[in-house]
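Right, one structure below, let's go through it.
The figures here come from the full heavy-atom set of this structure, side chains too, leaving out hydrogens, waters and symmetry mates. Each ligand, and each atom within it, is numbered from 1 in the order the structure gives. In this text, all values refer to a predicted model and were calculated from it rather than measured experimentally.
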Amino acid sequence: MGPLAVTRLLGLISLTVGLDNGLLKTPPMGWMAWERFRCDVDCKDDPENCISEDLFRDAADRLAEDGWKELGYEYVIIDDCWMSPKRDDHGRLQPDPSRFPGGIAKLARYIHDRGLKLGIYADMGTHTCMGLPGTTLDKIEVDAQTFASWGVDYLKFDGCNSNPAEQMLGYPLMSKALNATGRPMAYSCSWPAYIGGLPPNVNYSFLGDICHLWRNYYDIQDSWDSVQGIIEWFSNNQDDLQPAAGPGRWNDPDMLIIGNFGLSVDQARSQMALWAVMAAPLIMSNDLRNLDSSARAILQNKVAIAINQDSMGIQGRRLLQEKTRIEVFWRPLSRSASALVFLSRRTDMPYVYHTSLAKLKYDAGNYEAYNVFAGSTVTGLNATTEFSFSINPSGVVMWYVYPQQPSTQTETFHEANPGHLPVL
Ligand SMILES: *[C@@H]1O[C@H](CO)[C@@H](O)[C@H](O)[C@H]1NC(C)=O
Ligand SMILES: *[C@@H]1O[C@H](CO)[C@@H](O)[C@H](O)[C@H]1NC(C)=O
């Protein structure tokens, strides 16, 4: 079936389905096992890191006890490799009995008891990406019912081992099946990533009707190359992707890898800044039991999180690509505020960048800016005021910009704007 036939059929199906259950009005936040723990099933020699109920209980304990939950990080999400290689006698998926001896329902209770939510993984196809039982079209209903009966709150539905025609039927059917369970569940669709991520193969308007979020592009890996490649692809295709996002419907550039091995401190700030401006899900995949203080500070930065969680839900855009390899990103926020990210794609030394808000298309007026990672404030900015600052190679400067309140022009930021900075 060609892409045109596919999109035409999608139009028909869309009349019959919908998953507008009010979830994910802001991008989901939480933790997922995949990027850091992959398909490690070796609980004998690697008990701390294998995919088991202990790993997810540990993640829940850390989210609940180390200040994450209060910031909004609430989903604990299981990825591939939780399943037994065989369905049970009733055709239902079941967890691997040696690694999940208590079962998923008990794990869900443990997670709910800590004020958190449980996400699980299935695959639209004959097998999951790692070769475990897939969810073929005839299994969609029973799998949705099984997840609901366990108390699951979020489903990541992958797309290995199926073809585009099956996916076109399966993703909307699962949406309908989840809805029919009566249990509100968030629905993450990997569908676009399997069909090139762009129109006309992908109908983003339709996708937004049936899924809360979707993976558009390749899996993230633990390297700056990977993060940079993702930023580049999303920015190059922002005319197609940016309008697709909004409350209850999010593009997903994949997990935050901050706290692992592949990013410097500057690169970790760059990922956090760009994910905040792109209105991306903030789903960490790291070892919360062993996180250094700089990774923790970046992931727990309240202003970066508040920018990501802004209630208008407008995804940001790349505004400028300078010949100097400085790129400027912008996101409009509620209360006439906005976020700016200045990213250096350079590989030499800190670069001194000169600009003004007027050059970045801001209207005339007086502004203040909060430097999100430095924790300092720039006051008395007119739109035409020239300013400059230094950006580290592969690093960012991130600003939260807001109109200056006339009565408070000479005071310092914290005294002057007790209410303006978006504190969670
Ligand atoms: C099912 O869909 C309807 C219509 O979009 C919605 O009002 C309802 O909240 C949904 N229920 C669940 C459990 O998703
Ligand atoms: C895309 O889906 C929407 C429904 O969300 C539908 O109205 C529209 O016709 C579809 N576009 C194409 C090109 O099929």
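Each of the atoms 13 (C) of ligand 1 lies under 4.0 Å from some heavy atom of Arg183. Close contacts of ligand 1 with Pro184, meaning ligand atoms under 4.0 Å from a residue heavy atom, involve 13 (C). Interface atoms of ligand 2 facing Asn203, defined by a heavy-atom separation under 4.0 Å, are 1 (C), 2 (O), 3 (C), 8 (C), 10 (C), 11 (N), 12 (C), 14 (O). Distances below 4.0 Å separate heavy atoms of Asp209 from the following atoms of ligand 2: 4 (C), 5 (O). Counting atoms of ligand 1 from 1 in the listed order, those under 4.0 Å from a heavy atom of Gly182 are 13 (C).
A donor and an acceptor atom, one from each side chain of Tyr367 and Trp399, are nowhere located under 3.5 Å apart.
For Thr128, the side chain to side chain donor-acceptor pair (under 3.5 Å) partners two or more places apart in sequence, or in a different chain, are Asp80. Every side chain to side chain donor-acceptor pair (under 3.5 Å) that Asp219 has, sequence neighbours left out, goes to Arg215.
Looking at Met185 against ligand 1, nothing comes within 4.0 Å, counting heavy atoms.
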inquiry  = Run Thr135 and Asp143 through side chain to side chain donor-acceptor pair (under 3.5 Å) and show every step you take.
reply    = CA-CA 7 Å; Thr135 304; Asp143 289 356; 2.8 Å; yes
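Polar contact check, Asn21 against ligand 1: a nitrogen or oxygen pair lies under 3.5 Å apart.
The backbone N or O of Pro27 lies less than 3.5 Å from a partner atom in the side chain of Gln309, making a donor-acceptor pair.
If you look at Tyr400 and Tyr402, their ring centroids are closer than 6.0 Å.
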